[in-house]
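The structure appears right after this line, and notes come after that.
In each ligand, atom 1 is the first atom listed, and ligand 1 is the first ligand listed. The residues of the chain are indexed from 1 along the displayed sequence.
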Amino acid sequence: EKGGYATFMEKEINDQPHAVADTLLGRTDVEGRLTLDEMSISEEQLKNVDRITIVACGTAAYAGMTAKYAIEHWTRIPVEVALAHEFRYCDPIVNERTLVVSISQSGETMDTLMAVKHARELGAITVSVCNTHGSTIPRESDAVLYTHAGPEIAVASTKAFLAQITACYLLGLYLAQLRGGSFADDAAAVMKELAQVPAKIETLLGQMGRVREIAKFMADTRSVLFLGRHVGYPIAMEGALKLKELAYIHAEGFAAGELKHGPIALIEPGQPVFVIVPSPTSEHGLHGKVVSNIQEIRARGARTLVIAEEGDEAVEPFADEVIRVPATSPLLAPLLTVVPLQVFALWLSTAKGLDVDQPRNLAKSVTVE
Ligand code: F6R
């Protein structure tokens with residue numbers, strides 16, 4: 001059942017190429033146009049959408065935060081990401097033209113379910129991005145877009161996260177296509193690139209030996225920081241969450257630009273910091289800005305564990321470790337950059353002799369508010 005792996009989590013991390021490929025499967029026609037047949041909401045209604053609110057918790061919310069960058073870029077529809085338990089009680093601004101997208105692996109998270117019910121009462125159109133057929137949240141939504149990650153058994157979410165990002169990207173591209181305009185033409189190009197991602201994840205998984213080694217020697221570490229920018233920001237937070245859950249280590253993810261506004265005070269000699277470097281092809285010179293951040297923290301003694309694209313030489317002088325990921329376009333990078341962080345948490349937890357699949361105090365689905 002664990003496919004020869006010692007834990008479900010290790011298996012599920014290695015399942016990720018399939019999780020992404022299967023979520024992409026059957027969602028385009030012969031011309032490469034997105035079809036999303038299961039979206040039982042009229043095209044007319046979807047064309048009228050003028051704002052999107054994503055509701056989710058935990059890792060699913062980080063998938064939503066990642067998707068926000070892509071959906072806004074492709075559709076120019078404003079996207080807000082709300083933690084489901086906050087959304088429900090903050091008098092949300094929602095109407096018939098609001099598309100409320102819930103993201104949930106289990107489909108049973110009570111906080112998310114309550115948010116969806118509330119959104120429907122307010123007249124919103126609700127779409128569920130969900131991994132579990134026949135679960136409650138899709139039943140309570142107007143439409144569902146299933147992620148096809150397969151059953152996720154380990155408490156900590158890994159492959160569902162990649163599938164959630166993939167499904168939300170499909171939704172964004174579909175909306176862009178419906179609305180026409182300049183980004184509609186790009187949808188086909190993005191789909192082509194998405195189709196190459198599973199093979200890139202596979203390659204990346206084959207290169208994780210060094211990450212495992214680094215984790216093994218960090219069993220005594222008390223705190224780890226994660227920095228990222230743009231789509232790397234939610235990935236930094238996801239990396240921190242994985243480490244808290246699995247290795248019970250204090251971990252925090254920051255937006256790299258926020259460093260000088262406070263968190264840099266935390267840097268002292270020996271402090272391990274993962275930095276997710278944007279692709280050198282990112283807009284607005286973000287790559288150079290993050291490379292400067294690495295330099296700044298390194299000068300203060302941080303131990304820099306840098307996740308950078310293949311061929312990005314600029315990071316070399318300031319990195320204690322460089323973890324390479326295959327090149328892809330900036331918006332798709334999260335499907336790759338998160339993998340070493342999952343692998344790191346897995347092996348650090350293992351090095352500490354902890355129960356990887358069933359961390360203390362956590363349940364796979366949280367069915368109480
Ligand atoms: C993190 C994790 C949790 C879940 C969250 C939402 O590894 O597993 O943060 O992501 O509880 O669960 P679902 O997606 O089932 O609604």
Report yes if some heavy atom in the side chain of [X] is under 4.5 Å from a heavy atom in the side chain of [Y]; otherwise report no.
X      : Y      : value
Glu1   : Phe8   : yes
Gln342 : Val339 : yes
Trp74  : Tyr169 : yes
Val306 : Glu321 : no

Could you list which atoms of ligand 1 come closer than 4.0 Å to a heavy atom of [X]?
X      : result
Cys57  : 5 (C), 6 (C), 10 (O)
Ala156 : 7 (O)
Gln105 : 13 (P), 14 (O), 15 (O), 16 (O)
Glu245 : 1 (C), 2 (C), 7 (O), 8 (O)
Ser104 : 13 (P), 14 (O), 15 (O), 16 (O)
Ala60  : 10 (O), 14 (O)
Gly58  : 9 (O)
Val155 : 8 (O)

Would Ile137 count as a contact residue for ligand 1, given that I'm defining contact as a non-hydrogen atom of the residue lying under 4.0 Å from a ligand atom?
no
Decide, yes or no, whether a salt bridge links [X] with [Y] under the criterion of side-chain N to carboxylate O below 4.0 Å.
X      : Y      : answer
Arg139 : Glu108 : no
Lys68  : Glu72  : yes
Asp320 : Arg303 : no

Mind checking whether [X] contacts ligand 1 via backbone (N, CA, C, O), side chain (CB onward), both or neither, at a 4.0 Å heavy-atom cut-off?
X      : value
Asn131 : neither
Lys242 : side chain
Lys364 : neither

Can you tell me which residue and heavy atom of the protein come closest to [atom], and the distance to 0.1 Å?
atom                    : answer
atom 4 (C) of ligand 1  : Thr59 N, 4.1 Å
atom 15 (O) of ligand 1 : Ser106 OG, 2.7 Å
atom 12 (O) of ligand 1 : Thr109 OG1, 3.5 Å
atom 11 (O) of ligand 1 : Val366 CG2, 4.5 Å

Hydrophobic clustering (ILVMFWY, side-chain heavy atoms < 4.5 Å, transitive) - are Ile103 and Met110 grouped together?
no
Going by the side-chain contact (heavy atoms from CB on, under 4.5 Å) test, name the single residue among Thr328, Leu335, Leu331 that passes it with Leu194.
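When side-chain contact (heavy atoms from CB on, under 4.5 Å) is applied between Leu194 and each of Thr328, Leu335, Leu331, only Leu335 qualifies.
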Side-chain donor-acceptor pairs under 3.5 Å in residues 267-276, sequence neighbours left out?
| residue | atom | partner | partner atom | Å |
| --- | --- | --- | --- | --- |
| Gln271 | OE1 | Ser223 | OG | 3.4 |
| Gln271 | NE2 | Ser223 | O | 3.1 |
| Gln271 | NE2 | Ser223 | OG | 3.3 |

Got a sec: does the NZ of Lys2 have more than 12 other heavy atoms crowding it under 6.0 Å?
yes
Using distance alone, determine whether Thr112 and ligand 1 share an N or O pair under 3.5 Å.
no
